There are 2 protein chains.
Amino acid sequence: MIPEATVARLPVYLRALTALADAGIRTCSSEDLATAAGVNSAKLRKDLSYLGSYGTRGVGYDVDYLRYQIAREIGVTQDWPVVIVGIGNLGHALANYSGFRSRGFRVVALLDADPERHEEIVAGVPVRPFADLEAIAREHAVAIGVIATPAGSAQDVADQMVAAGITSILNFAPAVISVPDGVDVRKVDLSIELQILAYHEQRKAHEHARVDADDHGAAALAVGGDA
Amino acid sequence: MIPEATVARLPVYLRALTALADAGIRTCSSEDLATAAGVNSAKLRKDLSYLGSYGTRGVGYDVDYLRYQIAREIGVTQDWPVVIVGIGNLGHALANYSGFRSRGFRVVALLDADPERHEEIVAGVPVRPFADLEAIAREHAVAIGVIATPAGSAQDVADQMVAAGITSILNFAPAVISVPDGVDVRKVDLSIELQILAYHEQRKAHEHARVDADDHGAAALAVGGDA
DNA sequence: AAGAGTTTGTGAATGGGAGAACAAATCACC
DNA sequence: GGTGATTTGTTCTCCCATTCACAAACTCTT
């Protein structure tokens, strides 16, 4: 059983290994890979140790071999059919995102409730009515669905997805959705990320103000001491 | 000092409170709010306790009052100028995302290195040359930058942002970027989220296979026992 | 072949967050 | 004014994740 925190980092390692392989590097140390992935080398080694013992002491890791092992563990060696619901600005961007196809994710359908969009072809895939979800999902054995609709529709879309046999949902809508046990949901929320940054930014500003005030206080105190 | 995990949830509470307020609800219990935010009520109460004591025992929380307190703590009561670099599909989607403006984030500039795009106006904001970054950032006192470029340009963009005085970066490019101390980076990676789902999906499939095998084994054993 | 130098894999210690459970505080009703 | 019901704020315990530190294992040189 691999810890959740480790699972979340494995794709990062995979990407770093691909970059190293593209650069013609065939072997790397945990230190090299950790730097490329932006983590601590001890954490990297511990993470990899959950998968097995794929390195060689005194040498390091074979880039291609480790890459294959991680890809197999994550499951990106297989083909994952995906449906995207909600073809607005974000849906367009997702449909055109090349990072999906290159990692084994195949967009089998784009769905939208708005009939105006049913003429469109995005990234080579025609936009179809939302009502076709179940038929398409069953036909292609789709396990993963992406929600890129407005918040108001998200729960309804999620319900339909679950009814269509989808068991993993990536939710871009700014809404909390509830699903039955056994269905995984991951949430990506653009404005929440910005708000987290704003909090830290504000704290930096306060910190500066406080330090400045302390400096002034110290200066005044020093003057007082002198007088 | 508010724990990082709590900071990450405050925007969720804020959104839930706004939804409650829009529904005309003026008071709510921790249980109500926790349900709306999709968390445990004990966790919610503990999170809120870091901000202060804004509830009333036996009653609950005043929706508007709590909303203001959280907004103030996060910093979304003020105006945050933001620049977006990289106006491809994703950049377009981000520029048009209404969730930014409604939370105090104001897109003051869209930048792209490609001269072909410099004619465009997206969401009412003209696309300008990437070289103008520093001038624009200084002029508007921009603290937050968004990177929506391909992976190859991300580090260069980040370096230029830091040079322009930006101290918080939201990175959508599938690349690890390194920045000096004092600069915050948050990363949103679409394909990593899908890969995490794929891992769990694969594990579900294996689990089913194993359970099925066990069932067959148990059935065979039962038959054997009967015989 | 033996020793010096690397680098992995892992046990142990530390830190932080999640959840249960309860005391303190408030309200409603009598 | 007092009693019971309700809900918050907080303490305590447990669990997960991170980091340190080192023994085991390998290569290279002499």
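What you see is a predicted model, and the numbers here were worked out from it, not measured in a lab. In what follows, chains are A, B, ... by sequence order, proteins preceding strands, each numbered from 1.
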**Study point:** Criterion side chain to side chain contact (heavy atoms under 4.5 Å, CB included) on A/F172 and B/L190, from CA distance to verdict
**Key:** CA-CA 10 Å; A/F172 286 91; B/L190 314 179; 3.6 Å; yes

Exercise for review: Find the distance A/D32:CG to C/dT8:C1' and express it as a whole number of Å.
Suggested key: 13 Å

Review point. Would you say a side-chain N or O of A/Y61 is under 4.0 Å from OP1 or OP2 of C/dG9?
Key: yes

Practice item. Identify whether any heavy atom of B/E4 sits under 4.0 Å from a base atom; if not, whether one sits that close to sugar-phosphate; answer base, sugar-phosphate or nothing. Key: sugar-phosphate

Point to revise | Distance-only donor-acceptor test, B/K46 side-chain atoms vs C/dG17 base atoms, 3.5 Å | key: no

**Study point:** Presence of A/S29 side-chain N/O under 4.0 Å of C/dT7 phosphate oxygens OP1/OP2
**Key:** no

Check your understanding: Between A/T56 and D/dC26, is there a side-chain N or O to OP1/OP2 distance below 4.0 Å?
Key -> no

Exercise for review: For B/D47 and D/dG9, give me the distance from atom CG to atom P, rounded to whole Å.
Suggested key: 12 Å

Exercise for review: Find the distance B/N40:CG to D/dG9:P and express it as a whole number of Å.
Suggested key: 15 Å

Review point. A/A154 and A/A173: which non-hydrogen atoms are nearest, and at how many Å?
Key: CB-CB, 3.7 Å

Practice item. For A/L33 and C/dT8, give me the distance from atom CG to atom C1', rounded to whole Å. Key: 13 Å

Check your understanding: Please give, in whole Å, the distance from C/dT26 P to B/D62 CG?
Key -> 16 Å

Practice item. Compare the minimum distances between each of C/dG17, C/dG19, C/dG9 and the side chain of A/R57, then state the nucleotide with the smallest one. Key: C/dG9

Practice item. Measure the distance from CG on A/L51 to P on C/dG9 and round it to the nearest whole Å. Key: 10 Å

Point to revise | Side-chain H-bond candidate by donor/acceptor type, A/S29 with A/D32, under 3.5 Å | key: yes

Check your understanding: Does a side-chain N or O from A/S53 land closer than 4.0 Å to OP1 or OP2 of C/dG9, or not?
Key -> yes

Study note, to complete from the structure: Looking only at D/dT27, D/dT8, C/dT7, the nucleotide nearest the A/V59 side chain is D/dT27

Check your understanding: With a cut-off of 6.0 Å (strictly less than), are more than 12 heavy atoms of other residues, nucleotides or ligands near CZ of B/R101?
Key -> no

Revision key, fill the gap. Between A/R9 and B/A42, the residue closer to the 5' end of DNA chain D by nearest nucleotide is B/A42

Point to revise | Polar side-chain contact B/R45-D/dG9 base: donor and acceptor under 3.5 Å | key: yes

Study note, to complete from the structure: Whole-Å distance, B/L48 CG to D/dT7 P, equals 16 Å

Check your understanding: What is the distance from CG of A/L44 to C1' of D/dT19, rounded to the nearest Å?
Key -> 14 Å

Check your understanding: Contact class for A/Y54 (heavy atom, under 4.0 Å): base, sugar-phosphate, or nothing?
Key -> sugar-phosphate

Point to revise | A/L111 to A/F130 - nearest heavy-atom pair and separation | key: CB-CA, 4.2 Å

**Study point:** Residue mapping more 5' on DNA chain D - nearest nucleotide basis, B/G55 or A/K43
**Key:** B/G55

